[in-house]
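Before any comments, here is the structure.
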Number of protein chains: 2
Amino acid sequence: MRLAELSERSGVSITTIKYYLREGLLPPGERVSATQAEYDEEHLRRLRLARALVQVGRVPVATARKVLAAVEDESVDQLTRLGTAVSALPHGPAPSGADGAVDAARRTAEEVQRRLGWRPVPGNPAHGMLVSALATLIRLGYPCDVDQLLPYGRAAAAIAGHEIALIEEFGAPTTQLEAAVALTVLYEPVLLSLRRLAQAEEATRRFGTQT
Amino acid sequence: MRLAELSERSGVSITTIKYYLREGLLPPGERVSATQAEYDEEHLRRLRLARALVQVGRVPVATARKVLAAVEDESVDQLTRLGTAVSALPHGPAPSGADGAVDAARRTAEEVQRRLGWRPVPGNPAHGMLVSALATLIRLGYPCDVDQLLPYGRAAAAIAGHEIALIEEFGAPTTQLEAAVALTVLYEPVLLSLRRLAQAEEATRRFGTQT
DNA sequence: ATGATTGGATAGTGCCACTCTCCGAACGGG
DNA sequence: CCCGTTCGGAGAGTGGCACTATCCAATCAT
């Protein structure tokens, strides 16, 4: 198909697709002549995934390029590709450094992981994200001790189990990786909005009966 | 205290504090002379909360102003203030409109809430956020039927129950509202990073034994 | 008295996701 | 074969946003 059709079927404007091509989010189409290129269903899927990452997942364009590159890199094994792709996703700023709050947060984070029976993964950026968020809570004076966090951890474990099982159902390796990335990013707003809805439900149940 | 001390104790640069004052994130200090103003501990708390919302919660400055204004608006009752504050938080784009995916997403969202026993809250922006995210998943061809979503909903309910109970422990109404906003926003990265850590744990457990 | 500091206002910076505009080559109906 | 249309590509420009650099006059400390 041509650029115009790709644009129509994906709902992404032609100029934006050109921009994505320039930024490497999308591989170039198969050149059929000096000024014409042909795109296939694979391009359409990639474009939709890229669009979802950028718009829904708020992943910066440069980051999305790395993620998609890792998904397609067939030179390494599945688990490494998955790790590379997920590590490239945004994680917020790393903890500032020498700070009492950061030290306390780091200790809490490690204790939580130990209590949940998770093996520590030193290089995981999600760990830095957790420490940074906990340090902020501590600085604001809000409680975030281990007992507070365990319910979150158990909820996360339940969800993750579900997700990994779901991903296993996708056959081809690249399809699995695409699914892993898509589900990791796109279920974030689902989880957060369900949490807010649950909060609203619980708040009205406790604080008031009307409206 | 003076601006300089407020800056030092909060870790926010003087120019940024001035910017926040201009944007209404922080009430002006008490004018002690034509060119001097005095700030108190309340300003420090507000500043730290605003900073956390903007930096960690990625809340736009204009949005943070509305949220903080709702928290301090003592002219209405607690639950309304809470609703206003949380509604002002960012929710991503609303669903596009006339689209088969959006319709299916809306039906799924309502069914999930029904199955979880949550009363439908029509005006809640979190609902739009959920529908929008589900529509994106549907467009990408990933499963997000009711059975997939129920574990997320149950996890969200468990977490929300914990949080509302925690908020009730804060005495003063304004303090409670501040806590509600802070916990809603600042626990988001905590929850998401725990989910990613849980995914990593589960993935290594199933897909490989080393690294 | 006087140099430093303070609070306030205005304009500018840097980043980022697009988007506008132009170009020359190719397609295709007549 | 002709010519208006469409195509892909490339560089510069736009708008939004979170700051930030600079300046100014009043005031404080010595």
Side-chain angles (χ1 to χ4, degrees), chain A residues 1-40 43-44 47-68 88-90 92-93 185, chain B residues 1-40 43-44 47-68 88-90 92-93 185:
Chain A
M1 75 189 84
R2 296 282 188 262
L3 239 189
E5 189 181 348
L6 189 64
S7 166
E8 219 168 311
R9 292 223 291 164
S10 64
V12 181
S13 77
I14 289 183
T15 53
T16 300
I17 295 178
K18 288 180 180 179
Y19 167 62
Y20 285 175
L21 284 166
R22 247 178 290 155
E23 297 299 317
L25 264 71
L26 212 55
E30 196 184 343
R31 298 287 292 266
V32 70
S33 86
T35 63
Q36 311 266 138
E38 189 73 17
Y39 303 91
D40 56 15
H43 283 93
L44 184 57
L47 175 57
R48 284 208 258 241
L49 177 58
R51 190 66 175 168
L53 288 182
V54 170
Q55 280 216 325
V56 179
R58 301 186 176 197
V59 178
V61 166
T63 305
R65 188 187 64 239
K66 291 179 202 158
V67 173
L68 294 173
L89 289 173
V185 173
Chain B
M1 74 189 86
R2 295 283 188 263
L3 240 188
E5 189 180 348
L6 189 65
S7 165
E8 218 168 309
R9 293 222 290 166
S10 64
V12 181
S13 77
I14 288 183
T15 53
T16 301
I17 296 178
K18 288 180 179 180
Y19 167 62
Y20 284 175
L21 284 166
R22 243 177 293 149
E23 298 297 318
L25 265 73
L26 212 54
E30 196 185 343
R31 298 290 289 269
V32 70
S33 86
T35 65
Q36 311 266 140
E38 188 74 18
Y39 303 91
D40 55 16
H43 283 93
L44 183 58
L47 175 56
R48 283 208 260 241
L49 177 57
R51 189 66 174 168
L53 289 182
V54 170
Q55 280 215 324
V56 180
R58 302 188 175 196
V59 178
V61 166
T63 305
R65 187 187 64 239
K66 289 178 203 158
V67 174
L68 293 173
L89 288 173
V185 173

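By convention in this document, chain letters (A, B, ...) are assigned in the order of the sequence lines, proteins followed by strands, and residues within each chain are numbered from 1. Values below: all heavy atoms of this structure, side chains included; hydrogens, waters and symmetry mates excluded. Only a predicted model underlies this, so the values are computations on that prediction, with no experimental measurement involved.
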Contacts to DNA chain C from residues 20-38 of chain B, heavy-atom cutoff under 4.0 Å, which residues? B:Arg22, B:Arg31, B:Thr35, B:Gln36, B:Ala37
Sorted by first residue and then second, give each salt bridge (charged side-chain N to carboxylate O under 4.0 Å, His left out) pair with at least one member in residues 20-39 of chain A; sequence neighbours left out. A:Arg2-A:Glu38
Under the criterion side-chain contact (heavy atoms from CB on, under 4.5 Å), I'd like the reasoning laid out for A:Val185 against A:Val67: C-alpha separation, chi angles, the key distance, then a yes or no. CA-CA 11 Å; A:Val185 173; A:Val67 173; over 6 Å; no
Quick one: which residue pairs count as a salt bridge (charged side-chain N to carboxylate O under 4.0 Å, His left out) with a foot in residues 4-14 of chain B, not counting sequence neighbours? B:Arg9-B:Glu41
Could you walk me through whether A:Leu25 and A:Val54 satisfy the side-chain contact (heavy atoms from CB on, under 4.5 Å) test, starting with their C-alpha distance in whole Å, then the side-chain angles of each, then the deciding distance to 0.1 Å, before giving a yes or no? CA-CA 10 Å; A:Leu25 264 71; A:Val54 170; 4.2 Å; yes
With sequence neighbours left out, what residues match B:Thr35 under side chain to side chain contact (heavy atoms under 4.5 Å, CB included)? B:Ser33
Dot-bracket, 5' to 3', for DNA chain D please: Watson-Crick or G-U pairs under 3.5 Å, [ ] where pairs cross earlier ones, | where the partner sits on another strand, dots elsewhere. ||||||||||||||||||||||||||||||
Selection: residues 53-61 of chain B, any non-hydrogen atom under 4.0 Å of DNA chain D: B:Val54, B:Pro60, B:Val61
NA contact type, B:Thr16, heavy-atom cut-off 4.0 Å: base, sugar-phosphate, or nothing? sugar-phosphate
Would you mind telling me which residue lines up with the more 5' stretch of DNA chain D, A:Leu3 or B:Ser13, judged by nearest nucleotide? A:Leu3
Looking across every strand, which nucleic acid part, if any, lies under 4.0 Å from A:Ala62 by heavy atom: base, sugar-phosphate, or nothing? nothing
What residues, two or more places apart in sequence or in another chain, satisfy side chain to side chain contact (heavy atoms under 4.5 Å, CB included) together with B:Pro90? B:Val59, B:Pro60, B:Thr63
Nearest whole angstrom, please: distance from the C1' of C:dT6 to the CG of B:Leu6. 13 Å
Ignoring hydrogens and angles, write down the donor-acceptor pairs under 3.5 Å from the side chains of residues 12-20 of chain B, residues two or more places apart or on other chains.
| from | atom 1 | to | atom 2 | distance (Å) |
| --- | --- | --- | --- | --- |
| B:Ser13 | OG | B:Thr15 | OG1 | 3.2 |
| B:Ser13 | OG | B:Thr16 | N | 3.2 |
| B:Ser13 | OG | B:Thr16 | OG1 | 2.9 |
| B:Tyr20 | OH | B:Arg51 | NH1 | 2.8 |

On DNA chain D, which is the earliest and which the latest nucleotide, 5' to 3', with an atom closer than 4.0 Å to a heavy atom of chain B? D:dA18 to D:dC28
Over all heavy atoms of both residues, which pair between B:Leu21 and B:Pro28 is shortest? Give the atoms and the distance, please. CD2-CA, 4.0 Å
Scan A:Arg65 against the nucleic acid and name what it touches under 4.0 Å (heavy atoms): base, sugar-phosphate only, or nothing. nothing
Identify, with sequence neighbours excluded, every residue that meets salt bridge (Lys or Arg N to Asp or Glu O under 4.0 Å) alongside B:Arg48. none
Only pairs at least two apart or in different chains count here, so list each salt bridge (charged side-chain N to carboxylate O under 4.0 Å, His left out) that has a residue in residues 52-68 of chain A. none
